[in-house]
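Read the structure below first, then the notes.
FYI, side chains are in, hydrogens and waters are out, and symmetry mates aren't considered; it's all heavy atoms of this structure.
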Amino acid sequence: MDYKGILFDFDYTLGDATEAIHQAFVYALTTMGYPAPDRESVRHTIGMVVSDAYTLLTGDATTEGQEKFYSLFHPVSGTLQGQGQVELFPGTVELLSGLKAAGLSTGLISTKNVTVLQAVAEVKGLSGLLDVLVGGGTVQSHKPDPEGLLWAMDKLGLKREDVLFCGDTTIDAETAQNAGVDFCAVLNGTTPAEAFSAYPSVHISPDLWDLKSWLGV
């Protein structure tokens with residue numbers, strides 16, 4: 001393995017915050033007068049920018065509506081996730097520990113607000129296993145814009161050929177493509193393997209144990 005840094009998406013790649021996110025969606029949307037969304041509908045929006053998820057579920061693309069929704073959603077989602085209402089996928093700690101033991105740089109590139117990302121990393125014991133966290137508030141543009149991934153690479157002193165980005169959605173695949181780095185799909189989320197055929201990838205992992213084995217750590 002020639003990589004010097006392995007960077008990850010978080011939701012449905014390393015962890016599952018569906019319950020916290022669903023509760024926050026229910027609170028925000030019902031407060032705004034919308035019907036409560038079912039869990040599965042919310043689940044399929046995870047990984048998107050929250051304002052885009054709101055628009056997808058309601059049809060309201062106004063800035064006013066998106067901002068109102070976020071002001072209601074973020075405190076609830078952030079509090080619940082910061083309290084630990086997030087489950088790590090099997091193999092997460094072992095994978096990150098193996099990468100650190102091998103001397104590789106690691107980090108998260110997420111659409112999740114960076115303060116929430118930091119709280120989740122802390123409460124789940126991942127802070128010491130991650131060198132950089134990039135989320136909403138770190139950079140101006142969200143995935144699939146490569147700004148966050150490139151920002152992390154610059155902070156870590158990594159070149160494009162040094163990096164593998166791992167994620168569970170085609171948004172992640174497009175982000176890697178836009179940044180000019182290798183991509184590995186992780187099938188922990190709602191996106192099936194065949195959806196990644198439109199994007200270059202070096203590997204498709206059914207789970208994190210497979211990814212750990214493939215990386216040789």
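- Side chains of Met153 and Val181 form a contact here, defined as non-hydrogen atoms less than 4.5 Å apart.
- Open room surrounds NZ on Lys68; 12 or fewer heavy atoms of other groups in view lie less than 6.0 Å from it.
- Side-chain heavy atoms closer than 4.5 Å link hydrophobic residues (I, L, V, M, F, W, Y) into clusters, and following such links, even through other members, never connects Val186 to Phe165.
- With no hydrogens or angles considered, a side-chain donor-acceptor pair links Ser77 and Gln81 at under 3.5 Å.
- Closest of all the heavy-atom pairs between Ser127 and Glu122 is OG-OE1, 3.2 Å.
- A chain of hydrophobic side-chain contacts below 4.5 Å, direct or via other Ile, Leu, Val, Met, Phe, Trp or Tyr residues, connects Val86 to Tyr27.
- The shortest non-hydrogen separation linking Ser105 to Leu158 is CB-CD1, 4.4 Å.
- A single hydrophobic cluster is seen to contain both Val120 and Val76, as judged by linkage of ILVMFWY side chains at heavy-atom distances under 4.5 Å, directly or through other members.
- When side chains are defined from C-beta on, Phe69 counts as touching Met32, because their heavy atoms get closer than 4.5 Å.
- In this structure, Phe25 has its ring center under 6.0 Å from that of Phe73.
- Using a 4.5 Å heavy-atom cutoff, the side chains of Val123 and Gln83 are not in contact.
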message: For a side chain to side chain contact (heavy atoms under 4.5 Å, CB included) check, start with the C-alpha distance between Arg160 and Leu150, then their side-chain angles and the critical distance, and finish with the verdict.
response: CA-CA 9 Å; Arg160 285 175 169 82; Leu150 295 174; 3.8 Å; yes
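- Tyr54 and Thr45 share no donor-acceptor pair across their side chains, judged by distance under 3.5 Å alone.
- For the atom pair Lys143 NZ and Asn178 CG, the distance stands at 12.5 Å (nearest 0.5 Å).
- For Glu161 and Lys4, the salt-bridge test fails: no basic side-chain N is under 4.0 Å from an acidic carboxylate O.
- The minimum heavy-atom distance linking Gly47 with Ile171 is given by the pair O-CD1, 4.0 Å.
- Inspection of the Asp172 and Tyr199 side chains reveals no N or O donor paired with an N or O acceptor under 3.5 Å.
- Hydrophobic clustering (side-chain heavy atoms under 4.5 Å, transitive across Ile, Leu, Val, Met, Phe, Trp, Tyr) groups Val93 together with Leu108.
- Across every non-hydrogen atom of Trp151 and Val134, the tightest pair is CE3-CG2, 3.5 Å.
- Residue Glu40 qualifies as enclosed at atom CD: its count of foreign heavy atoms under 6.0 Å is above 12.
- Scanning all heavy atoms of the two residues, the minimum distance from Asp9 to Ser110 falls at OD1-CA, 4.3 Å.
- Considering only heavy atoms from C-beta on, Val202 comes within 4.5 Å of Tyr3 through its side chain.
- A pairwise comparison of heavy atoms in Cys166 and Ile6 identifies SG-CG2, 3.9 Å as the closest pair.
- Residues Leu88 and Leu126 meet the side-chain proximity criterion, which asks for heavy atoms closer than 4.5 Å.
- Counting only heavy atoms from C-beta outward, the side chains of Thr170 and Glu174 never approach each other to under 4.5 Å.
- The line from CG of Leu96 to CG of Leu104 is 11.5 Å long, rounded to the nearest 0.5 Å.
- The CD1 atom of Ile109 sits 5.0 Å away from atom CG of Leu7, with the distance rounded to the nearest 0.5 Å.
- Tyr12 places none of its side-chain heavy atoms less than 4.5 Å from the side chain of Thr169.
- Under a hydrophobic clustering in which Ile, Leu, Val, Met, Phe, Trp and Tyr are joined whenever their side-chain heavy atoms come within less than 4.5 Å, directly or via other members, Ile46 and Val116 fall into the same cluster.
- A donor-acceptor pair shorter than 3.5 Å can be found between the side chains of Thr13 and Asp168.
- Thr111 is not listed as a side-chain neighbour of Val50, based on a closest heavy-atom distance of 4.5 Å or more.
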